[in-house]
**Student:** 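Before I ask anything, here is the structure I am working with.
Note on naming: letters A, B, ... go to the chains in the order of the sequence lines (proteins, then strands), and numbering restarts at 1 for each one.
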Protein chains: 2
Amino acid sequence: MQGAARQSLNGGAERGPAGVSVALDGSSLDGKGPLFGQIKRAVAGQILRGRWQAGERLPNEEQLSSLYGVSRQTVHKAIALLAREGFLVRRRRAGTFVASVRHDRFALPIEDIGDVITRNGGVYEFRILDRKTLRNGEGLRWPDVPDGTPLLSLDCLHLGDGAPIQYERRLVNLDAVPEVVDEPFDSVAPSRWLVDQVPWSSAEHTVKAVNATADLAALLGVEPGTACLSIRRQTVHLNRCITLVHFLSVGDRFSLSGSSITDSATELNL
Amino acid sequence: MQGAARQSLNGGAERGPAGVSVALDGSSLDGKGPLFGQIKRAVAGQILRGRWQAGERLPNEEQLSSLYGVSRQTVHKAIALLAREGFLVRRRRAGTFVASVRHDRFALPIEDIGDVITRNGGVYEFRILDRKTLRNGEGLRWPDVPDGTPLLSLDCLHLGDGAPIQYERRLVNLDAVPEVVDEPFDSVAPSRWLVDQVPWSSAEHTVKAVNATADLAALLGVEPGTACLSIRRQTVHLNRCITLVHFLSVGDRFSLSGSSITDSATELNL
DNA sequence: CGGCCAATTATGTACATACATTATCGTCGC
DNA sequence: GCGACGATAATGTATGTACATAATTGGCCG
């Protein structure tokens with residue numbers, strides 16, 4: 001730990017027995033991990049405990065640095081990170097403010113079905129049900145891709161412990177990923193293959209609930225009309241559409257779940 | 001821009017007419033915005049364009065800094081941010097590597113229904129259908145809260161342009177938020193009130209698809225069995241459960257959608 | 001009184017330097 | 001050959017200093 005070197009150097013704040021700095025307002029650094037992290041925790045703690053209320057202005061970097069007995073840059077790093085994580089809002093010349101808590105965008109991770117099944121100790125398999133090449137606009141249309149573009153169409157079923165879990169309907173842009181025509185997909189699932197092949201850049205998702213049609217119900221082995229989770233994903237790389245997928249999963253065999261990924265509280269061990 | 005000051009100082013890399021540094025491998029800084037951002041773009045560009053392949057090792061900070069003609073700290077900041085965003089993996093002594101692209105966690109934002117409706121130009125209303133206080137374990141049980149804890153139970157319906165969109169079943173921990181008993185919820189919806197009142201810390205979500213029961217179908221004005229999106233959210237603050245909500249929305253009247261929020265490509269303007 | 005402009009203040013970026021941390025690599029000893 | 005162990009090379013953190021940037025504040029002038 002860098003405590004030893006620091007102790008001899010800084011003399012800003014009072015120090016407890018274990019080299020823990022105690023600021024004037026009673027908040028204190030816990031001595032665990034990097035300094036900027038301690039500052040983050042200390043400041044975030046003040047906010048979460050309501051000591052610094054939403055909308056309120058924080059002491060400036062200069063004051064905080066002398067409050068905690070560290071340099072301005074260290075404070076700056078901590079505060080800038082908290083701002084990036086949405087706890088604080090900073091305005092030049094005006095100061096740093098506790099974010100007006102409208103942190104209303106929770107985030108939900110969407111994982112690969114194969115990963116989910118194997119992680120839960122299940123046996124994952126998949127089957128290619130249908131595979132064909134076609135041109136956009138002939139029979140079906142992918143709106144964000146020009147008509148006439150050659151496409152690979154894949155129908156695929158994902159199974160966990162032998163039971164069908166998810167049906168996948170996928171289009172791949174052959175102009176963007178020509179190599180895909182040579183890939184048999186006999187061991188690697190299309191989603192995995194694409195993730196490994198194509199340098200990923202961005203994706204758009206839509207999630208909704210639908211009733212299973214007769215065809216789909218037969219494939220998934222459920223009654224027609226059973227509620228299914230529908231996930232549509234379009235992946236784009238350098239402004240070119242790569243693939244458009246539609247996942248359909250039986251409602252009670254598959255769900256999305258997770259803590260909000262911008263969960264700073266977890267990160268901060270509060 | 002800080003270009004003027006920099007031009008006279010650094011003499012590491014070749015410079016074009018507009019003060020744009022051109023590195024030896026042909027990649028170049030675009031001169032737009034902060035230096036560390038330019039480095040980020042330059043490096044991310046190499047990766048996205050496949051010039052540096054997945055798993056490959058990057059030049060070390062020293063080499064990059066002389067390559068781009070900036071200081072090591074600036075390179076460090078850029079590279080550390082890219083690592084934090086998942087493009088790179090760093091290991092001390094070993095070096096910096098292009099992430100083996102398993103960037104398999106896409107993220108989906110979950111927004112407040114009221115926000116969604118008003119943003120789309122609709123008229124948002126809600127109705128409290130039922131409100132009572134009870135103790136945990138009597139009639140129903142909230143697993144993560146001790147039995148006997150006083151709870152507020154709320155049933156609520158959210159409407160867009162007069163049509164029911166979402167049914168909300170909520171429990172609020174009265175030990176954690178005693179003030180809620182005095183709130184009539186005649187103008188502010190419970191979700192909004194809680195977000196404003198309680199310093200938020202973290203939330204857990206589960207999303208799945210269910211078939212509407214007869215009761216629910218009547219409330220939402222659809223046929224029994226219609227597929228509905230079910231969102232369960234538990235909010236926690238400083239290790240205390242605040243509220244447990246269950247949202248049920250008609251499949252084709254409501255959906256979750258969004259770009260992945262860790263979309264560095266967007267952030268990087270690539 | 002109102003608008004323009006300059007001083008001030010707070011954040012933002014960059015560089016230099018120093019030292020901490022930690023795997024890896026290679027060497028030495030057995 | 002193989003394990004212990006220390007040198008080494010990479011990233012990580014902390015501080016000092018300087019200047020850039022932006023926006024509020026306040027004063028000056030019409």
**Student:** Please determine whether a side-chain nitrogen or oxygen atom of A:K77 lies at a distance below 4.0 Å from atom OP1 or OP2 of D:dT13.
**Tutor:**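 True: A:K77 side-chain N/O within range (under 4.0 Å) of D:dT13 OP1/OP2.
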**Student:** Would you mind reading off the distance between A:Q73 atom CD and C:dA14 atom C1', rounded to a whole angstrom?
**Tutor:**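 The distance from CD of A:Q73 to C1' of C:dA14 comes to 11 Å, rounded to the nearest Å.
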**Student:** Can you sort out the partners of A:S257 under side chain to side chain contact (heavy atoms under 4.5 Å, CB included), two or more places apart, ordered by chain and number?
**Tutor:**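 Per chain and number, A:S257 pairs via side chain to side chain contact (heavy atoms under 4.5 Å, CB included) with B:T206.
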**Student:** Can you tell which of D:dT13, C:dT13, D:dG16 lies closest to the side chain of A:H76?
**Tutor:**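 Minimum distance to the A:H76 side chain belongs to C:dT13.
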**Student:** Please name all residues satisfying side chain to side chain contact (heavy atoms under 4.5 Å, CB included) with A:S191, sequence neighbours left out, ordered by chain then number.
**Tutor:**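 For A:S191 the side chain to side chain contact (heavy atoms under 4.5 Å, CB included) partners, ignoring immediate neighbours, are A:D112, A:R170, A:A189.
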**Student:** Can you confirm whether A:I39 sits close enough to A:H76 that some side-chain heavy atom of one is under 4.5 Å from a side-chain heavy atom of the other?
**Tutor:**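 They are not in contact (no side-chain heavy atoms under 4.5 Å apart), so the answer is no.
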**Student:** By the salt bridge (charged side-chain N to carboxylate O under 4.0 Å, His left out) test, which pairs, at least two apart or in different chains, include something from residues 63-79 of chain B?
**Tutor:**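 Residue pairs with at least one partner in residues 63-79 of chain B: B:E61-B:R72.
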**Student:** Between atom CD1 in B:I79 and atom P in D:dA10, what is the gap in whole Å?
**Tutor:**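 It works out to 15 Å between those atoms.
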**Student:** Please give, in whole Å, the distance from C:dA18 P to B:R72 CZ?
**Tutor:**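 The answer, rounded to whole Å, is 13 Å.
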**Student:** Looking only at side-chain atoms of A:N60, point me to the closest of C:dC15, D:dT15, C:dT11.
**Tutor:**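 From the listed options, C:dT11 comes nearest.
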**Student:** With A:R93, which residues qualify under side chain to side chain contact (heavy atoms under 4.5 Å, CB included), at least two apart?
**Tutor:**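 Listed in chain order: nothing, the list is empty.
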**Student:** Side chains of A:N173 and A:R240: closer than 4.5 Å at any heavy-atom pair?
**Tutor:**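 Counting from C-beta outward, A:N173 and A:R240 never come under 4.5 Å.
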**Student:** Detail all sub-3.5 Å separations between protein N/O atoms and N/O atoms belonging to nucleotides 23-27 of chain D.
**Tutor:**
| from | atom 1 | to | atom 2 | distance (Å) |
| --- | --- | --- | --- | --- |
| D:dT24 | O2 | A:R93 | NH1 | 2.6 |

**Student:** Is there a donor-acceptor pair under 3.5 Å between the side chain of A:R41 and the backbone N or O of A:K32?
**Tutor:**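 At least one qualifying donor-acceptor pair exists.
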**Student:** Measure the distance from NZ on A:K40 to C1' on D:dT13 and round it to the nearest whole Å.
**Tutor:**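 After rounding, the reported distance stands at 14 Å.
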**Student:** Is the distance from OP1 or OP2 of C:dT11 to the nearest side-chain N or O of A:T96 less than 4.0 Å?
**Tutor:**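 Yes, A:T96 has a side-chain N/O under 4.0 Å of OP1/OP2 on C:dT11.
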**Student:** Any heavy-atom pair between the side chains of A:I165 and A:Y124 that's under 4.5 Å?
**Tutor:**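 Answer no - side chains too far apart.
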**Student:** Let me know the distance between CZ of B:F36 and P of C:dT11, rounded to the nearest Å.
**Tutor:**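 After rounding, the reported distance stands at 17 Å.
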**Student:** Under 3.5 Å, is there a donor-acceptor pair between the side chain of A:H237 and the main chain of B:L48?
**Tutor:**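 Answer holds: yes.
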**Student:** Nearest whole Å is fine: how far is D:dT11 C1' from B:R84 CZ?
**Tutor:**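 To the nearest whole Å, that distance equals 15 Å.
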**Student:** When the distance from CZ of B:R57 to P of D:dA9 is rounded to whole Å, what number comes out?
**Tutor:**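 Taking atom P of D:dA9 as the reference, CZ of B:R57 is at 11 Å.
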**Student:** Using whole Å, what does the distance between atom P of nucleotide C:dT17 and atom CD of B:E61 come to?
**Tutor:**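 For the pair B:E61 CD and C:dT17 P, the rounded distance is 17 Å.
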**Student:** Do any side-chain nitrogens or oxygens of A:S71 fall under 4.0 Å of OP1 or OP2 in D:dA14?
**Tutor:**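 So the side chain of A:S71 is outside the cut-off, no N or O lying under 4.0 Å from OP1 or OP2 of D:dA14.
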**Student:** Could you please name the option among D:dA10, C:dA14, D:dT15 that lies closest to any side-chain atom of B:P34?
**Tutor:**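 When the side chain of B:P34 is considered, C:dA14 is the closest of D:dA10, C:dA14, D:dT15.
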**Student:** What stems, by residue range, does DNA chain C take part in, given at least 3 consecutive Watson-Crick or G-U pairs under 3.5 Å?
**Tutor:**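 Expected stems, ordered by start: C:1-30 with D:1-30.
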**Student:** So, taking the atom named OG in A:S255 and the one named NE2 in B:H205, what distance separates them when rounded to the nearest 0.5 Å?
**Tutor:**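 Going from the OG atom of A:S255 to the NE2 atom of B:H205 covers 13.0 Å.
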**Student:** Under 4.0 Å between a side-chain N/O of A:T74 and OP1 or OP2 of D:dT13, yes or no?
**Tutor:**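 No.
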